Number of protein chains: 2
Amino acid sequence: MNLRYLHTFVSIVDSGSIARASARLKVSQPAASRQVLALETELGVPLFDRIGRRLRLTSQGEDLLQLSRRLLMDADVLSARAGPQRRAHRNIACRRDADGH
Amino acid sequence: MNLRYLHTFVSIVDSGSIARASARLKVSQPAASRQVLALETELGVPLFDRIGRRLRLTSQGEDLLQLSRRLLMDADVLSARAGPQRRAHRNIACRRDADGH
DNA sequence: AGTGTTTACGGCGACCGTAAATATG
DNA sequence: CATATTTACGGTCGCCGTAAACACT
C-alpha cells in the first residue's frame with residue numbers, strides 16, 4: 001500500500017473529480033485514475049460508484065477516506081518533524097504540494 | 001514514503017537487529033539495510049547510532065518508532081476491513097508477512 | 001574466524017506519461 | 001460536441017536478491 005495512492009484518493013474526494021485532483025497533484029489524469037483502480041483492486045472493494053462520469057463514494061470509500069486522512073496526518077507529522085532537523089543540516093527543497101492546504 | 005519501510009524499521013527495533021528482522025520479513029539482509037538507509041536519507045536524520053555492529057535508536061528514531069506504530073496500526077485496520085470484503089469480490093493473494101504478531 | 005552490516009551489480013516489476021478509445025451530458 | 005474516465009503502449013526508475021567487501025567481537 002502506497003501513501004501516495006491514498007493522497008490521490010483523498011484529493012479526488014476533496015476536489016470532486018479525478019481530473020481536478022490530477023491537476024492539483026501534478027500527475028496525469030490516467031495516473032490518478034489508475035491509482036484509484038489499484039486501490040480498489042488491492043482492497044477488493046469499490047471506492048466509488050461510477051454513475052456515468054459522476055463519482056460518488058461508496059460506504060467502503062467513506063471508510064477508507066477517514067482512515068486515509070488519519071494516515072496522511074500522521075505521515076505529515078513525520079515529515080514536519082523531519083523537515084526542521086534537515087534544515088539544521090542542509091537546506092533541501094521542501095516537498096510540499098498544494099493540495100488542500 | 002513507503003509503509004513497508006516503516007514496517008521493516010519497526011521490525012528491526014523489535015528484533016534488535018537487521019539480520020533478525022530480514023529473516024522475519026523474508027527479505028534479504030541487504031534489502032532491509034537499504035530500507036533503513038533510504039528512510040534516513042529521506043528524513044534527513046539518523047535513525048540508529050551505529051556503534052560497531054550495535055544498533056541503538058536515536059531520539060529521532062524513537063520518534064519515528066512511535067509514529068510508525070500508529071501508522072501501521074491504522075494501515076492494519078484498513079487491511080483487516082478490506083480482507084473480508086475482498087473474499088466476496090475476488091480472491092487476491094493476501095500480502096501478509098509474519099512479523100511480530 | 002565468525003557474525004552482522006554495507007556496497008556492487010544485474011534483472012525484474014511498478015508506475016508514469018502520451019495517445020487513443022469509450023462514454024456521458 | 002465537449003468533457004471526463006479508462007485502456008494501450010513504450011520507457012524509465014525503484015527495489016530486490018546474489019555476491020563480495022568491510023567491521024567488529
Side-chain angles (χ1 to χ4, degrees), chain A residues 1-58 61 64 68 75 92-93 95 97 99, chain B residues 1-58 61 64 68 75 79 89-90 92-99:
Chain A
M1 160 134 29
N2 198 327
L3 286 183
R4 197 170 61 259
Y5 288 17
L6 298 183
H7 196 179
T8 299
F9 169 66
V10 171
S11 263
I12 291 172
V13 174
D14 286 347
S15 68
S17 84
I18 294 177
R20 217 177 293 267
S22 69
R24 286 190 184 181
L25 298 174
K26 296 193 178 67
V27 296
S28 70
Q29 214 164 85
S33 179
R34 269 185 262 122
Q35 289 183 12
V36 177
L37 264 298
L39 276 175
E40 290 179 318
T41 300
E42 182 178 349
L43 297 175
V45 297
L47 264 23
F48 294 105
D49 279 329
R50 273 87 164 173
I51 305 169
R53 66 181 57 173
R54 199 77 185 168
L55 297 179
R56 203 157 56 221
L57 270 173
T58 62
L64 181 67
S68 296
I92 301 174
R95 183 75 183 76
D97 55 88
D99 181 21
Chain B
M1 157 133 33
N2 198 327
L3 286 183
R4 197 169 61 260
Y5 288 17
L6 298 182
H7 196 178
T8 299
F9 169 65
V10 171
S11 264
I12 291 172
V13 174
D14 286 346
S15 68
S17 83
I18 293 177
R20 216 177 292 267
S22 68
R24 285 190 185 181
L25 298 175
K26 296 194 178 67
V27 295
S28 70
Q29 213 164 85
S33 179
R34 269 183 264 122
Q35 288 182 14
V36 177
L37 265 297
L39 276 175
E40 290 179 317
T41 299
E42 182 178 350
L43 297 175
V45 297
L47 263 24
F48 294 105
D49 278 330
R50 273 87 164 173
I51 305 169
R53 66 180 58 171
R54 201 76 186 170
L55 297 179
R56 201 158 55 222
L57 270 173
T58 61
L64 181 66
S68 297
S79 302
H89 204 266
R90 183 173 300 263
I92 301 174
C94 190
R95 186 75 183 79
R96 183 138 308 274
D97 53 319
D99 181 21

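Order of the sequence lines fixes the chain letters, A, B, ..., with proteins taken first and strands second; residue numbering starts at 1 for each chain. For clarity, every value in this text was computed on a predicted model and none was experimentally measured.
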In B/S/- notation (B base, S sugar-phosphate only, - none; protein heavy atoms under 4.0 Å), nucleotides 15-25 of chain D written 5' to 3' is SBBBB---BB-
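- Considering every non-hydrogen atom in both B:I12 and B:A32, the closest pair reads CD1-O, 4.4 Å.
- Shown here for A:S22 and A:S28, the closest heavy-atom pair between the two residues is CB-O, 3.8 Å.
- Residues B:L3 and A:L3 meet the side-chain proximity criterion, which asks for heavy atoms closer than 4.5 Å.
- Under the side-chain contact (heavy atoms from CB on, under 4.5 Å) criterion, B:S68 pairs with B:L6, B:F9, B:V10, B:L64, not counting sequence neighbours.
- Atom CD in B:E40 sits about 11 Å away from atom P in C:dT7, given to the nearest Å.
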Considering only distance and modelled atom types, tabulate donor-acceptor pairs under 3.5 Å from the side chains of residues 44-57 of chain A, sequence neighbours left out.
residue: A:R50; atom: NH1; partner: A:E40; partner atom: OE1; Å: 3.2
residue: A:R50; atom: NH1; partner: A:E40; partner atom: OE2; Å: 2.8
residue: A:R50; atom: NH1; partner: A:F48; partner atom: O; Å: 3.4
residue: A:R50; atom: NH2; partner: A:E40; partner atom: OE1; Å: 3.2

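- Across the protein-nucleic acid pair, A:L25 atom CG and C:dC16 atom C1' stand 14 Å apart, rounded to whole Å.
- Between A:L37 atom CG and D:dT5 atom P the separation is 12 Å, expressed in whole Å.
- A straight line from CG of B:L47 to P of C:dT6 spans 12 Å, rounded to a whole angstrom.
- In terms of modelled atom types and a separation under 3.5 Å, the side chain of B:T41 and the main chain of B:L37 share a donor-acceptor contact.
- In this structure, A:I18 atom CD1 and D:dT3 atom C1' are separated by 13 Å, rounded to whole Å.
- For D:dT5, the OP1/OP2 oxygens have no side-chain nitrogen or oxygen of A:S33 closer than 4.0 Å.
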